[in-house]
Structures are given as structure tokens and as C-alpha cells.
There are 2 protein chains.
Amino acid sequence: MSKNMIIGQSGGPTAVINSSLAGAIEYAFSSDKIDTVYGMINGIQGLLEDNIIDLTKRFKGKPYDINRLRLTPAMFLGSCRYKLGDDEETFAEIIDVFNKYNIGYFLYIGGNDSMDTVDKLAKYTLSHNIDIKIVGVPKTIDNDLVGIDHSPGFGSAAKYIALAVKNVAYDTSIYSIKSVHIIEAMGRNAGWLTAASALARDGDSVAPHLIYLPEIPFSVDKFVDDVKNKLNEYNSVIVVVSEGIKDENGNYISARGDNVDKFGHVMLSGTGAYLKSVVEERIGCKVRALEPSVLQRSAGHTASMTDITEAYNLGVIAVKAALDGKTGVFSTLRRISDLPYTVDYYTEQVSVVANNEKLVPRSWINEQGNDVTQEMIDYLSPLVKGVPQVPYRDGLPDYIGLSHLDIKKQKYSD
Amino acid sequence: MSKNMIIGQSGGPTAVINSSLAGAIEYAFSSDKIDTVYGMINGIQGLLEDNIIDLTKRFKGKPYDINRLRLTPAMFLGSCRYKLGDDEETFAEIIDVFNKYNIGYFLYIGGNDSMDTVDKLAKYTLSHNIDIKIVGVPKTIDNDLVGIDHSPGFGSAAKYIALAVKNVAYDTSIYSIKSVHIIEAMGRNAGWLTAASALARDGDSVAPHLIYLPEIPFSVDKFVDDVKNKLNEYNSVIVVVSEGIKDENGNYISARGDNVDKFGHVMLSGTGAYLKSVVEERIGCKVRALEPSVLQRSAGHTASMTDITEAYNLGVIAVKAALDGKTGVFSTLRRISDLPYTVDYYTEQVSVVANNEKLVPRSWINEQGNDVTQEMIDYLSPLVKGVPQVPYRDGLPDYIGLSHLDIKKQKYSD
């Protein structure tokens, strides 16, 4: 007897979460164990509000739209920051919705918190003898998930940072005056994304000249010395810093940048903006701070093809696992070899990944704490490769529309 | 008797100035009137310092390298901000270098100030009966040059802004909470680049919701009302503002954003950052300010193919004009038709363009002053079209190297 599948997305966006969605639904459409594929709008929160769309109706037999979905950044199904608690009532509500839609398979694409949701739901259904398979699909640009060689979404964000640093390095190299550019990368407490800026280097261009990860306590004095040394060697010095760098006492450097506006309010200015003021103050050359912010996680048009493909495959693997009767697992990958780059896919207990954090090992950062080692480069290199054939219309990517996510609008229907 | 050609680049970088250089040298290589093509490193300043490289040696018979040059952002020859004065001594020095290198043709790729240099040099050589043809090639991301339908470099920057707005719009649409994103575009006193954000709209996505150009006096109260109205209609509101917007008294809005850091120093925070504080203060929803800064003029990997081709052709036309005996002119283009999009190329007296500024006409801005009209869209649409086949290596664009520009390094040689 066939059942229906429901799938959702949660947490912060990446360039390839929709690729996992495309992989999952395309595989589900091909299985005779699954009748209809539903999507929760805005994750678990949408499920609880019965805000559900029919993905079979929307996408089955529409390969061009599935391809656009695969190459569209952000989340077709919307997101939520809903943290599932332990109260019996909420679980009962969820099960009610499952029964209403005859759900046999529950797929959830997300990061750390989302995997915690998968874990809790799987434990609840198992302990209550409810036959629904609960499977997670990982994602995060921060690459801080354990139990996976690298997270889907990370490769595309890494590529964005490397591209931005390369373009800025070219832009700033044209003047014969001394200048410093400070680029602030995301990644929270993990330095992976900041480290990826090293991929901007090639046989000719040596930028970035300095890289500071949050895994090493940051010293402003050391930073000033480092920059001065590099300015002795180069006209234009490019520095990449993580948003999450902290001083020896564990205080965020960004917190020092608190400025007061004309109304007397404290304005958080970010790590890069603070270090810009330090360079102005203590070195005095031309300096600019750049904060790509959400651009680094949303640049679908320059995503990594490796990342897109892996995200798609992890969606497929998750549905396969559910159909094989697995629950409380997430789809993951391990690296078989760097060159040629090969991975294999499998599933792992979701309890491994939930509420853990993978940081950069000390040995992948240079001794002085201002650059990464060759081991890091070897790890990162394959992840940014490949240029996707994004369909363009009128000079811009022909992404699939997301206007159905606006709750002010009429409920989405085909 | 054949002569040599010298070419230089000047002013701020764009994604396609090297395409003009590629067009000029490739055409020059094909002419038997030109022996050797030289390049000035860092424009007129480099010429005066005899910092000159042999481009024939570097590029002739190397089509793959010329293609990389065509698709590399920034300036292969470096830039300067040197403003040519009226003193006889400097002119005499320049003519000395011309004689030393047997120069018959002088090409200068740049914006307003560079065209002024072309104008002055041409007048000087003409009045002194020195037989050197002086020709300009236009460029600027601001699109504020007169005497040309649109400036090379503008289309690629316009595309960057439209891409960024589209990606941010997707990124922010996934949450069911109210938010405002303010994106600050370059363009100095002209609103062309800000207007180009309108190209992010498609059948589904309506962002940007509000667009403010510097041609219309900016009212903070009106802005707050506009944003509130849009928030009644949409969850996520995207606003694009020009860096150059001014209030009714002609004062830059960015100047209001002066904040005081912990040392008591005034910190210029930019237009977007100031308006972010206004939204926080007077509306109170989630708000983010994004300033793509130099990323919008340096993104070679997502340049407009139309722009790359036109920049290349304007380089060719300039050399052709010089060989035809023209001097004191610049290469330009006029639009023949929007659909199909066609242009033709010609030359114009450089005095037309020097020290003038082309602003957005009032009739291309909507009545309320917070959006653009269909006329603007029709003008902009063809300029961002076409995706270049940028060569990639290891997942990143295989740009041609610029490390020879670092004066600390050994002087460039093949």
C-alpha cells in the first residue's frame, strides 16, 4: 500500500538547498511506493499551520521546472527557525497532519537544529509505534556539521568568497598606492568559509595576503604588525577575516566596533568595519571594509557544480533510505579520494550530527595563525569546481519563482 | 614608414576595460602601419616615468592570452588619477617619450578626466605640428558620459546590481517575518546603476520594491512612508538607493550617517547604513544594509557579453580612427534600435565628452520619485544580456595576471 511523502526546508538559505529538494522529489516521483509528494511551507511551522502544497502537481512531468528548481538559490518551500520542544501536544499535532495527508515518509533539509528536529521526531514515532520514516538532508554554508566530509551549500559559498577576493584583488591592484582591503566572511564559529578565500590565489595573484579564522584567538596588535609587514612587500594588501573572530578572552572582535550614532544609540558595525577603523588609526593608509553578507549564500548563478550535484544526490539518498525503511538517519557523504575527487553516499544516525560543531583543526592553520596550510587547500579545492549551466532569460538567471511564499498572497496552487 | 602605438588605461576600473585593450591591440597587430604596440603602466604617470611594456612581445600570436585579457576585469596596464595640467614642461616630457619610442598613435582608455587628457594632448600636438594621433576609448560604470548611448563598463556593473538584488530578494523571501534590505549602488551623481536594479524583476519576483536615484531630492520622511506602505503589502521589502542621494538642500544623505567611534572619531557610514538606522529607529523591523562596493565594478565572471563585445569594438574603432589620421576624437556608439538591439560605431570630437555629465532624465523616473519607468527598462534591458564564456581553472576564472603592476616587483618583461 503506497503512502505519501512530505518534505520541508529549514534554517538559513544556501545556493543549493533546492537542488536537494529537486533530487528528493525527482526520485520520489520515480517510485511506486510513493503516491503524492507534499511540501511544507516554512518547515515544521507550516506543517503545524497546515500550510502544505502539492509538489507532485507542481513538478511531476515538468523536467524544465525541476532543472530550474535545482539551480535556484534560497528555499522553494520557505524556512522557519522553529525549535521543536518536548511537549506531547505539538508531537500529537504533527502526527494528526501526517494522518490527514497519509504520510509515510518525512524528509527535512536543514542544518544542526533541523537535524535535532529529525532526531526528536524519529524517536517519538519509534517509541509510539507510528510507522513513518523520518530522514534528514544536511545543509549549511558554515561547513560546521559533523558526520559529513563537507556540508552541501558550503562549496558554493566558498566559491563566492574566493571569486569576490579574486575580483577585489584585481580591482585594487591597479593603483600604485598603498591600500588595505578587509573582507569579512560568514561561518559563525567555524573558519571554513574564511579559509576558502585562499582558493583565490593562482600562479600570479597571491591575494589574500592574510587570513584570520575564529579558531585562533585574534590579537589586534599582531594584526597591525602583519598588515604592516605585508604593506612592505605589496602595494595592495587583501585581508580576509571571519565574522566570528574573538580575542584571547573569548570576546567577539565585532563587539568592539560598537559605535554611537547621532541619536546616541550603539550601532554594531561588524568585524571588518572595526578593523578598518584600526588600520585607519594605526597605519593610516587607504582602507576599505567589504561585507558580502547574504550575497555569499545566495549567489545561485555562480554556485559550484560539485556542490549542486552533491546536494541533489543527498536528496536522492535520503528518499532511498526512507523507502528502505530507515528512520532517524540523515544522508551523508565521505570522500574517497582528492585526485580524482570521488565521494560515496550513505546514511548515518542523525544523533551524530545534532548539536555538534566541526571546527577547523589547528594543524590546517599556519603557525603564525594568519593563513591556512596546504592540507586545507587540498580539502577545499574540489568543492568549488564546476560551473553550472544556469538558464538565463533577458541577461539574468531564470530562477523558479518564490512569490508563493508571501503569506499576504493567495495560497499557492498550480 | 610605420610607427609605433602606445596605449594606456586610466581612472576607476570596470569589468571590461581590458576588452577595449584586447580590441585595440588585436586590431593594431593586424595593421602594417603599426610596428610595435607599447603599454604605459599606470597611465600618463607611467609614461612620464618611462614605465612602459612591450605588448607586441607579450600578446602577438597568443590568441588564448588575448582572449583571457578580453575577459579579465580591472586594468592590465594599471591606472592613475593623474590630471594633466597646462604646463609646457610636462607636455615636452611626454613628447620626449613619444620620440624615444617612435610613437605615431596614442590611445587612452578612460572616463571623463581621461578624455580631458586626450583633448589637451591632441590640442598640444596639433598646435605644435607634431604628427601623433591622439584617440580616446570611453569607459565608466556610472554611465554619466555624454556623446555615447551608454558607456562600456556600465552594462556589466548594471548586471551585477540586478543579479545581487535578485539573489538577495530570493534569500530574504524565505522567512514569514517582516524585513527590509537596503542595497547601496554606486554611480556618483547619476542614477543609472541604481536604476538597473529594476532588471531584477521578472514575472514572479517584484523586487526591488523601491528605487531612489540621486536626480530626485531625497526625503527621509517620504522614504519611511514608502517602506511602511510596501511592508503592508509584502513581508520582505528590497530598497535600492544610490550612494549619491541628496536632501532638498543638496546635502548628501550619507553625510548624516556620521557616527562616532570609541575614540570619538567621526566614521562615514554610507547612505545604506544611515537608512538602516532610520528604519530601525522609525519602523523597528528586521533590517540589513548591503554595500557591494567595488564588487559591482570588478565581477568579470558575470559581466555582460553585450558590454564585453562593445568595449572590444570601441577599442578597434579607436585604432582604426588613429590609422585614418583622426586625432582628438574618441570612439563611440549610437543605438539604432532596441529590438532587435543594434548599435553602430563612429568617432566624435573628445571635447564633447570631457567635463560633462549625463544624468537620468526626469521623465524616466516615476512621478513619486521611488521607481523608474518603462522607458528606462527598455533602455537598460539589452545592455546586460549575454553570458561570457569565461575560461575557468580549478573552479575560478582564469584571468590574465596583473602582478607586473606591483612596483615593488621586478619590472615586467616577457
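Each chain gets a letter, A, B and so on, in the order the sequences are listed, and its residues count up from 1.
Considering only heavy-atom pairs separated by less than 4.5 Å from chain B, the leading option among A:K159, A:H301, A:M305 is A:H301. When the candidates B:S79, B:G386, B:A74, B:S293 are compared by the number of heavy-atom contacts under 4.5 Å with chain A, B:S79 comes out ahead. Most heavy-atom pairs under 4.5 Å with chain A, from the set B:P73, B:P292, B:P13: that is B:P13. For the set A:L163, A:V384, A:L77, the entry with the most heavy-atom pairs within less than 4.5 Å of chain B is A:L163.
The parts of A:L199 that come within reach of chain B are both its backbone and its side chain, each placing non-hydrogen atoms under 4.5 angstrom from that chain. With a 4.5 Å cut-off on non-hydrogen atoms, A:T306 does not touch chain B at all. In this structure, the portion of B:V387 lying under 4.5 Å from any heavy atom of chain A is its side chain and not its backbone. For B:K166, the part lying under 4.5 angstrom from a heavy atom of chain A is the side chain only.
Between the side chain of A:Y170 and the backbone N or O of B:I400 there is at least one donor-acceptor pair closer than 3.5 Å. Side-chain atoms of B:D204 come within 3.5 Å of backbone atoms of A:S403 as a donor-acceptor pair (strictly under, hydrogens ignored).
For the pair B:S173 and A:L402, the tightest heavy-atom approach, listed with the atom from each and the gap, is OG-CD1, 3.5 Å. Shortest non-hydrogen contact noted between B:I174 and A:M75 is CG2-N, 3.5 Å. A:S298 and B:D171 get closest at one heavy-atom pair: CB-OD2, 3.6 Å.
In this structure B:Y175 satisfies the side chain to side chain donor-acceptor pair (under 3.5 Å) test together with A:R81, sequence neighbours excluded. Remark: B:S156 engages B:A15, B:V16, B:A303, B:S304, B:D307 in a side chain to side chain contact (heavy atoms under 4.5 Å, CB included) (not counting sequence neighbours). Not counting sequence neighbours, the partners of B:V168 by the side chain to side chain contact (heavy atoms under 4.5 Å, CB included) test are A:V294, A:L295, B:T172, B:H181, B:I183, B:I238, B:L290.
With a 4.5 Å cut-off on side-chain heavy atoms, B:Q45 and A:S176 count as touching.
Near-neighbour residues of residues 390-399 of chain B relative to chain A, defined by a heavy atom under 4.5 Å from a heavy atom of that chain, comprise B:Y392, B:R393, B:D394, B:G395, B:L396, B:P397, B:Y399.
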